[in-house]
Protein chains: 2
Amino acid sequence: MRTRPLKVALLGCGVVGSEVTRIITTQADDLAARIGAPIELAGIAVRRPNKVRDGVPAELLTTDATALVKRGDIDVVVEVIGGIEPVRTLITTAFEHGASVVSANKALLAADGASLHAKALEHNVDLYYEAAVAGAIPLIRPLRESLAGDRVNRVLGIVNGTTNFILDKMDSTGAGYSEALDEATALGYAEADPTADVEGFDAAAKAAILAGIAFHTRVTIDDVHREGLTEVTAADIASARRMGCTVKMLAICERSRDGRSVTARVHPAMIPLSHPLASVREAYNAVFVEAEAAGRLMFYGPGAGGAPTASAVLGDLVAACRNKLATTTGAGESAYTRLPVSPMGDVVTRYHINLDVADKPGVLAQVATVFAEHDVSIGTVRQQGRNQGSGDDAAVEQSGAGERDGGEASLVVVTHRATDAALSATVASLRELDTVRGVASIMRVEGE
Amino acid sequence: MRTRPLKVALLGCGVVGSEVTRIITTQADDLAARIGAPIELAGIAVRRPNKVRDGVPAELLTTDATALVKRGDIDVVVEVIGGIEPVRTLITTAFEHGASVVSANKALLAADGASLHAKALEHNVDLYYEAAVAGAIPLIRPLRESLAGDRVNRVLGIVNGTTNFILDKMDSTGAGYSEALDEATALGYAEADPTADVEGFDAAAKAAILAGIAFHTRVTIDDVHREGLTEVTAADIASARRMGCTVKMLAICERSRDGRSVTARVHPAMIPLSHPLASVREAYNAVFVEAEAAGRLMFYGPGAGGAPTASAVLGDLVAACRNKLATTTGAGESAYTRLPVSPMGDVVTRYHINLDVADKPGVLAQVATVFAEHDVSIGTVRQQGRNQGSGDDAAVEQSGAGERDGGEASLVVVTHRATDAALSATVASLRELDTVRGVASIMRVEGE
């Protein structure tokens, strides 16, 4: 084994950074054996050097991150600060000074992964970021390497623990969104400002990264259709239950049927209880990958947290160090397909639509006609409200059953597969019907 | 991109080999883009060159595997023949002639992985074998690379599809072992001679490979404690159900609590229905990995079949080709811990023991005394048979409840954690009791 250590600089020393430091320090012998040389923590850039950090050597702390990455003797820079700037500049500077970079920064990678990869290639160093998606779950390496000889058609996953915790609470306790969010906040699963999670920004960044890798193309967060879960109600969850489903916040990346384009989206959706993703509880993450030869694979585990994220960072660090020792680099960006990202209107899926309608004869015929006019095929129709709780969920397909005179009723339509554009047009027309008092909810049905 | 192709030799052209050939041929452009150079199938060694193989170029077929691996211009040899010899010699010869090897051969790797790795290292080439364990499920690469900075403490998995299919059928239909095996055979999930699967040899080979990689040590199939599932009865499955469990054939690799030794074993065991492995149906595989920082990860997917196995082979082939292009090699064997493999007697787990006892007062006291004498702590005791089906599963801990006069009764004891040695000694003593007419079954309880 080489005795001169590889030098590692750490940018950021919060929850993840402290854990990275702890592992580098306490598992030094194991890491050295696995890398083939010892690693030495050469410096840790922080904003507040005087904050007490257990197990973090104070003499390594510096507030000058730029000077640290410019030292010139750093082999690998580990970035766990997050955000776009100054991190992008720091990473670029690190590359220019010959360091490989391990990052957990989903926002930056989803915004600007291509140019960072280009910079890394230019300077013949590595850029790894397993920790940016789904914490400790090995996902980027399996997609990039294990499935390198296969054709991935679909990635479907729960990649945000906060929203999964909220939906799981709503599902298991009947709580509303606000109540479930409060519990998530109290337990530390949601941040004081939960916007990035509940509005789907966090999941969208991960979807962009996954889509790019899975389809060997470039997808940025701006290409990802995003809907938050703040409008999901207890009634939606109950409605999902009634059709043997649960509601999950999903990131879905798909190759089109003709293989010439891809889509990426993040939104709440119903999935059947029999689907493996339906049983992903609390803040866990899980990602389904469908590939032509491999079939359906699932990767499951803790999607966030200091230690799990540090595990992913350390795996990348070992790889980057091994490559440094061997004076080589790992597989870089693979974006040769340059497949365009189609708009949301092109996405094909099923829909669960809950309409408030006048409770009188002929309504179903009117509604069904609107669906037919837009070429959206109806799978099942169910009158809800009056019959609610009777357990009578029989489909009343294309018939007048379930209609009554006077008052209001709730009509639940589940469609066959249709494009999002056709569904949107259908809903716009439905809103114009006198007998449709309102569209209570529209939710996609996935995983079938 | 380099235009001179990398040359690939294929050894074996059965179900997996045909699929590998198909993908190399039909996905040539994608593979070339991902590798950075085209690959060329230079020759395919088969036993029966005249057999009709759709999509396999007849001019590439040869019966002389040795000449093929000795050609000297082969970059990567893909071995999908299986078995120990002549494959070991062919692989070694390939190394000597400068070729990297991708193998799906669990038997060979589990018997002799260390010497093959040493040979590969000596000749500065790669040895990859993702396909040897759990088909398409990325497992070896995640363990070896993604978790390279973490400490794996446990690997617990369903790694044999045939036995999972049989147990799933028994659980879902109430069928006995023979009936379920017949169905597995009829559907092609079991081979005409199912010994390797049902006696656990296949799973034991995979356990050896996983344990070695997970704990950075060397474990061969001879180190793996192995019990088949042929003695699992419909009554065992029903008994498992009654305590909220199901029976799965598990491969379990563990680091001891003091970290100084490891164990590896394959046997049927009860696991709680709430455990993610309990819901792995039919011939699917799934592996749980517990690591210190990462926490609990699960990898799920098809564990066998031509296309899934080919996917894993192709992933390795792309990696081996990239390394050839970069004139480097990937991470080789990591066995620096040299942790000894402890005997089965040292394994600590819980046990479900079903005793046929005389149905008279004092029996439970006698039985409980025997457990106490061997320091095996009883969790619950349940009288079964007379009360069967009453749903009365209340524990009658350390009391005489449930005892009746005359006839026979069935006593079900579930222990707390104890060593296998202590449990074996307990059972030996129980057999000596006059009131114990027989030990109907002993099954380990895992996943808690």
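These values consider heavy atoms only, across backbone and side chains, with no hydrogens, waters or symmetry-generated copies. Lettering follows sequence order; numbering is per chain, from 1.
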Side-chain ion pair, A:D126 and A:K324, N-O less than 4.0 Å: no
Can we call the ring centroids of A:Y284 and A:Y300 under 6.0 Å apart? yes
Please report the interatomic distance CG(B:L314) to CZ(A:R151), rounded to the nearest 0.5 Å. 12.0 Å
Return the minimal non-hydrogen interatomic distance between B:D316 and B:A131, and the atom names on each side. OD2-N, 4.3 Å
Quick one: of B:A310, B:S334, B:P142, B:P302, who has the most non-hydrogen atom pairs under 4.5 Å with chain A? B:P302
Would B:R22 and B:D54 pass as an ion pair if we require N to O under 4.0 Å? no
Among B:S279, B:A293, B:G305, residue most engaged with chain A (heavy-atom pairs, under 4.5 Å): B:A293
If you count heavy-atom pairs under 4.5 Å between each of A:A307, A:A136, A:G306 and chain B, which one has the most? A:A307
Cut-off 4.5 Å, heavy atoms of chain A, and the answer for B:F299 is both
Counting heavy-atom pairs under 4.5 Å with chain B, which one of A:S146, A:G315, A:A331 comes out on top? A:S146
Let me see the working for B:L297 and B:L147 under side chain to side chain contact (heavy atoms under 4.5 Å, CB included), right down to the final yes or no. CA-CA 11 Å; B:L297 305 171; B:L147 290 165; 4.1 Å; yes
Most contact-rich option vs chain B, by heavy-atom pairs under 4.5 angstrom, among A:D30, A:T328, A:I23, is A:D30
Residue among A:E130, A:E292, A:R322 with most heavy-atom pairs under 4.5 Å to chain B: A:R322
CZ-CD1 distance between B:F165 and B:I158, expressed to the nearest 0.5 angstrom: 14.0 Å
Which one, A:E145, A:R144, A:Q27, leads in non-hydrogen pairs under 4.5 Å with chain B? A:E145
Proximal component of B:L31, with respect to chain A [non-hydrogen, under 4.5 Å]: side chain
Residue, of B:A291, B:G135, B:A294, B:A312, that accumulates the most heavy atom pairs under 4.5 Å with chain A: B:A294
Could you tell me the separation between the CD1 atom of B:I35 and the CG atom of B:L6, rounded to the nearest 0.5 Å? 6.5 Å
Return the option, out of A:G301, A:P276, A:P138, with the maximum number of heavy-atom pairs under 4.5 Å with chain B. A:P138
